[in-house]
Amino acid sequence: MRNDIEKILKTETEIQEIIKQLGKQISKDYEGKNPIMICILKGGIVFLSDLMRSISIKVELDFMSLSSYGNSTKSSGVVRIKKDIDADILDRDVIIVEDIVDSGLTLKYLDEYFMQHNPASVKICTLLDKPKAHKIDINIDYVGFEVGNEFVVGYGLDYAQKYRNLPYIGILKKEIYS
Ligand code: 5GP
């Protein structure tokens, strides 16, 4: 698997360090509250698992699954819900936990979708952000790292369902997906 990686962008140590900081900030911002963290499957699962353990306040969890890129590295821009949340988010503080923001279309869709359920608030927490790839104006509340427009894998992020179990974030060699 390592032979398929061109370059490591973020090491395990760097990832854990930034997650500790994000957890500290979220714990501070939501002190006295009981937010519900909604993890976007499957990519967000590894991030959520570390992030929630770096948070010192009481939180609840839920999961949502959306249509993905299939085996491609380009977004279709079309979002479809494959699994909806179970929780009632009326008057709740919602934190969306995402692996990566690319065009921002998924988050725009999610934000609008959750707002229809009248939550107290909706904030976004993503491990990675590709600011140069945004196709719309979006406000992201918590960002781990900004990255370029390269297609990245590892730490939950896949290519054709593989590489999610890499403990770091890396760039695949072009020949793997071209
Ligand atoms: P957006 O709607 O912001 O264009 O896309 C968000 C979703 O696209 C992410 O949750 C992720 O599943 C996928 N995605 C975007 N960029 C990458 C990338 O570089 N690598 C991988 N593995 N998935 C990506």
Side-chain angles (χ1 to χ4, degrees), residues 1-12 14-15 18-19 22 26 36-52 61-85 94-116 122-178:
M1 192 161 55
R2 268 172 190 268
N3 293 340
D4 296 353
I5 300 295
E6 176 85 47
K7 185 180 165 198
I8 294 181
L9 272 189
K10 299 294 169 195
T11 64
E12 271 186 86
E14 287 172 316
I15 296 170
I18 205 77
I19 288 178
L22 287 171
I26 290 173
I36 177 156
M37 301 175 77
I38 300 181
C39 171
I40 309 306
L41 297 170
K42 301 170 189 168
I45 187 76
V46 184
F47 178 40
L48 172 86
S49 148
D50 283 337
L51 180 65
M52 67 186 196
L61 302 180
D62 208 336
F63 298 89
M64 190 164 194
S65 178
L66 304 171
S67 56
S68 70
Y69 287 10
N71 285 356
S72 159
T73 58
K74 291 270 177 312
S75 173
S76 63
V78 179
V79 180
R80 186 172 59 85
I81 296 177
K82 292 200 282 188
K83 184 224 167 284
D84 206 344
I85 50 171
V94 170
I95 306 173
I96 303 174
V97 179
E98 257 281 35
D99 49 1
I100 188 164
V101 179
D102 188 350
S103 66
L105 294 170
T106 305
L107 279 182
K108 181 175 178 276
Y109 172 86
L110 282 179
D111 191 46
E112 286 169 1
Y113 180 75
F114 289 139
M115 287 316 272
Q116 289 169 15
V122 178
K123 282 193 182 184
I124 295 162
C125 178
T126 185
L127 180 63
L128 302 172
D129 182 27
K130 293 180 176 174
K132 291 194 190 102
H134 291 185
K135 289 196 177 132
I136 44 157
D137 240 4
I138 35 161
N139 179 37
I140 310 175
D141 305 278
Y142 305 100
V143 176
F145 304 103
E146 289 189 352
V147 291
N149 278 356
E150 311 95 335
F151 188 79
V152 297
V153 295
Y155 198 76
L157 288 140
D158 75 313
Y159 171 62
Q161 298 303 325
K162 297 183 194 73
Y163 306 103
R164 292 191 197 277
N165 55 321
L166 286 172
Y168 50 81
I169 291 159
I171 301 176
L172 271 184
K173 286 182 181 160
K174 284 245 160 47
E175 61 257 35
I176 306 295
Y177 56 86
S178 56

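Counting starts at 1 for both ligands and their atoms, in listed order. These values consider heavy atoms only, across backbone and side chains, with no hydrogens, waters or symmetry-generated copies. For reference, positions follow the sequence shown, starting with 1.
Using a 4.0 Å cutoff on heavy atoms, Glu150 counts as a contact of ligand 1. Residue Phe151 places a heavy atom less than 4.0 Å from ligand 1. Using a 4.0 angstrom heavy-atom cutoff, Val153 does not count as in contact with ligand 1. For the ligand labelled ligand 1, residue Lys135 lies outside the 4.0 Å heavy-atom shell. Residue-ligand proximity: Gly104 is placed with a non-hydrogen atom under 4.0 Å from ligand 1.
Contacts between Asp99 and ligand 1 below 4.0 angstrom, taking non-hydrogen atoms only, involve the side chain exclusively.
Thr126 places no side-chain N or O within donor-acceptor distance of the main-chain N or O of Asp129, the cut-off being under 3.5 Å.
By the 3.5 Å distance cut-off applied to N or O atoms, Val101 is not counted among the residues near ligand 1. Where the criterion is an N or O separation shorter than 3.5 Å, residue side chain and backbone included, Asp158 meets it with respect to ligand 1.
Between Asp99 and Gly43, the closest heavy-atom pair is OD2-CA, 3.2 Å. Looking at every heavy atom in both residues, Ile169 comes nearest to Ile15 through CD1-CD1, 3.8 Å.
Asp4 has no carboxylate O lying under 4.0 Å from a charged side-chain N of Lys173, or vice versa, which leaves the two without a salt bridge.
Atom numbering of ligand 1 starts at 1 in the shown order; those under 4.0 Å from a heavy atom of Glu98 are 10 (O). Close contacts between ligand 1 and Lys130 involve ligand atoms 16 (N), 17 (C), 18 (C), 19 (O) [criterion: under 4.0 Å to a heavy atom]. Taking every heavy atom of Thr106 and a limit of under 4.0 angstrom, the matching atoms of ligand 1 come to 1 (P), 2 (O), 5 (O), 6 (C).
Interatomic distance, Tyr113 OH to Leu66 CG, rounded to the nearest 0.5 Å: 10.0 Å. Distance check: Glu98 CD to Leu107 CG gives 5.0 Å after rounding to the nearest 0.5 Å.
In this structure, Asn149 places its CG atom where more than 12 heavy-atom neighbours from other residues, nucleotides or ligands lie under 6.0 Å away.
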